[in-house]
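Below is one structure, written out as structure tokens; the observations come after it.
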Protein chains: 2
Amino acid sequence: MAPAARRRITVPGLRGSDRAVPAATVARLPLYLRALVALEDGGVPKVSSDQLAAHAGVTSAKLRKDLSFLGSYGRRGVGYDVAGLRASIEDEMGLTRDLPVLIVGVGNLGHALANYGGLSGRGFRVVGLVDSAEPLIGTTVAGVRIRPVTELEMLVSQHPGCIGVVAVPAMAAKEVTDRLVRAGVRSILTFAPVTLDVPSGVHVRKVDLAVELQILAYHERARTEAVAG
Amino acid sequence: MAPAARRRITVPGLRGSDRAVPAATVARLPLYLRALVALEDGGVPKVSSDQLAAHAGVTSAKLRKDLSFLGSYGRRGVGYDVAGLRASIEDEMGLTRDLPVLIVGVGNLGHALANYGGLSGRGFRVVGLVDSAEPLIGTTVAGVRIRPVTELEMLVSQHPGCIGVVAVPAMAAKEVTDRLVRAGVRSILTFAPVTLDVPSGVHVRKVDLAVELQILAYHERARTEAVAG
DNA sequence: TAGATTGTTAATCGATTAACAATC
DNA sequence: TAGATTGTTAATCGATTAACAATC
């Protein structure tokens, strides 16, 4: 009988899905990536888990556990190769080629995002800005011309796999989200303080400034009452 | 004459500290609060955990567990009193009187926050805007005059217990944070993509737009590769 | 009472942490 | 070899979920 041909334990063609990276780890990989980029820019070739963890603001045990999900990229007794680990994380995160980003709503927030230096050059490219306000149409922000919302669907089809950013007032957020989803967008970042219902398979991340402040308020209250107690 | 409307079942003088509310619950209370405000504005007097959970985008089991940490504010077979539960959460979160907010850095992001309607009227009041750019000094945003950064310490001392918002470029974030902490601020919201070291007892919440996009990129990559397989 | 819904329990799941054998 | 540091294990901790007795 034939010897078992070298069998991978993983399902062919499903690379990545075999060793599911925990959500908490995925959320920290960008922090490590940023620290690594800074070290590389500073000409540092090697780094230990202790050093890298300090840069990223986590414990070294957590860092090593996180990196272990990507594979073994360190050398015992030595540490990690800065450039190599950086490339590994970029690869794992899907940042090897620029990801198109479409920003809906060019108020102060949309403006801030379009101008954010941390986007271009870090794996993202703003490919579209749309707004519903007449006076804005045709003007440019960060080198990109603002288009009417009616062109949203066209822009999405021109940039398959793009990330949609919802930076419109709360009132308009549901409709914009529905349109993005219908047009084929499956990754959405929203700043609107409303609950968005999307089909399963669509990823939504929500950044809510009021919520962040309210969480801080909770701790501030706890402190004040402890003193007044 | 006012009858004692509210009784406390908790240990006197230890209110709050005896039943530590889990961090995950604290982060969700603002979502419930927002849903309750919307219901109240709509004239809805009662709500079940199923309904409220749907509004907030969580499961009803999770909602009931979360609320159980605040005490028993529902009635079996009936549901929750919308106004009453709203007041309880606001009380628990420390939103009964306006919390002063000091925004450092009035670029697009600081601008967006200062103009954000969800702040005033929801427990917060922007009491100061500071920036280092000469041309901005003296101009007003959302009715607040922009002051030079040199007045940061004075503003903090005028508003004890205020929340500091760091909306300056990454380069300046560390120094601004140190100054806020030295001046006595113990709650900080930062948008700068850098690791901030603060003394224990100081709460920092970090909102990082690039990190959010990178997390979405990870899922987008996973999908693309599954298809390309 | 009969139906509805909470508050709580117990099981499960996922994340963190400390420690150390493996190994450079 | 001796010292350093990773990768992994096992224990702990915290969060989620399902189910249902309590009770309105």
Side-chain angles (χ1 to χ4, degrees), chain A residues 9 17-32 35-36 39 44-86 88-89 92 200 215 218-219, chain B residues 9-10 18-32 35-36 39 44-86 88-89 92 200 215 218-219:
Chain A
I9 308 162
S17 62
D18 52 327
R19 43 152 191 244
V21 180
T25 296
V26 171
R28 278 188 298 263
L29 290 180
L31 304 182
Y32 307 151
L36 287 164
L39 288 168
V44 180
K46 301 261 176 218
V47 70
S48 71
S49 61
D50 264 348
Q51 296 168 323
L52 184 53
H55 274 271
V58 301
T59 64
S60 66
K62 197 183 272 182
L63 170 77
R64 289 199 301 278
K65 191 94 177 67
D66 284 339
L67 294 185
S68 76
F69 291 107
L70 309 195
S72 297
Y73 293 113
R75 286 183 66 196
R76 292 167 198 244
V78 179
Y80 299 87
D81 178 70
V82 170
L85 184 55
R86 175 199 167 167
S88 298
I89 294 181
E92 181 74 25
S200 74
I215 293 170
Y218 173 84
H219 296 295
Chain B
I9 309 157
T10 55
D18 51 331
R19 45 149 191 246
V21 180
T25 297
V26 171
R28 279 187 298 263
L29 290 180
L31 303 182
Y32 307 150
L36 287 165
L39 288 168
V44 179
K46 301 263 176 215
V47 69
S48 71
S49 62
D50 264 348
Q51 295 168 323
L52 184 54
H55 274 271
V58 302
T59 65
S60 66
K62 196 184 269 181
L63 171 77
R64 290 200 301 278
K65 192 94 177 67
D66 283 340
L67 295 185
S68 76
F69 291 106
L70 311 194
S72 296
Y73 293 113
R75 286 183 67 196
R76 292 165 198 245
V78 180
Y80 299 88
D81 176 71
V82 170
L85 184 55
R86 176 199 168 168
S88 298
I89 295 180
E92 181 73 27
S200 72
I215 293 170
Y218 173 85
H219 296 294

Using Watson-Crick or G-U wobble pairs with both distances under 3.5 Å, give me DNA chain C in dot-bracket, 5' to 3', with [ ] for crossers and | for pairs to another strand.
..||||||||||||||||||||||
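Atom CG of B:L52 and atom C1' of C:dT5 are 14 Å apart (whole Å). With rounding to whole Å, B:D50 atom CG is found 13 Å from D:dA18 atom P. Atom CG in B:L63 sits roughly 13 Å away from atom P in D:dT16 (whole-Å rounding). Distance B:F69 CZ to C:dT9 C1': 12 Å, rounded to the nearest Å. Counting to the nearest Å, the P atom of C:dG14 and the NZ atom of B:K62 are 13 Å from each other. With rounding to whole Å, A:D81 atom CG is found 16 Å from C:dC24 atom P. The nearest whole Å value for the distance from the OH atom in B:Y80 to the P atom in D:dC24 is 14 Å. At whole-Å resolution of the value, CZ in B:R64 and P in D:dA22 are 16 Å apart.
Counting only heavy atoms from C-beta on, B:S68 has its side chain closest to C:dT8 among D:dA15, C:dT8, C:dA15. Picking from C:dT16, C:dT6, C:dT17 the nucleotide with the shortest atom distance to the side chain of A:T59 gives C:dT17. In this structure, the nucleotide among C:dT6, D:dT6, C:dT8 sitting nearest to the side chain of B:S48 is C:dT6. Comparing atom distances between the B:R75 side chain and each of C:dG7, D:dA15, D:dC24 picks out D:dC24 as nearest. When distances run from any side-chain atom of B:R76 to the nucleotides C:dT8, C:dT23, C:dT6, the shortest one goes to C:dT6. The listed nucleotides are C:dT17, C:dG7, D:dT17; the one nearest the side chain of A:K65 is C:dT17.
Atoms CZ and CG, on A:F69 and A:L29 in that order, are 10.5 Å from each other to the nearest 0.5 Å. The CZ atom of A:R64 sits 9.0 Å away from the OG atom of A:S48 when rounded to the nearest 0.5 Å. To the nearest 0.5 Å, the span separating OG on B:S49 from CG on B:L52 amounts to 8.0 Å. Here the OH-CD distance, from A:Y80 to A:Q51, works out to 12.0 Å after rounding to the nearest 0.5 Å. Taking CG of B:L39 as the reference point, atom NZ of B:K46 lies at 13.0 Å (rounded to 0.5 Å).
For the pair B:S49 and C:dT5, the criterion of a side-chain N or O lying under 4.0 Å from OP1 or OP2 is not met.
Remark: A:R86 pairs with A:E40, A:E90 by the salt bridge (Lys or Arg N to Asp or Glu O under 4.0 Å) rule, at least two apart or across chains.
When heavy atoms are screened at a 4.0 angstrom cut-off, A:A61 is found touching base atoms of the nucleic acid.
Exactly one residue among A:T25, A:L85, A:I89 makes a side-chain contact (heavy atoms from CB on, under 4.5 Å) with A:Y32. That residue is A:I89.
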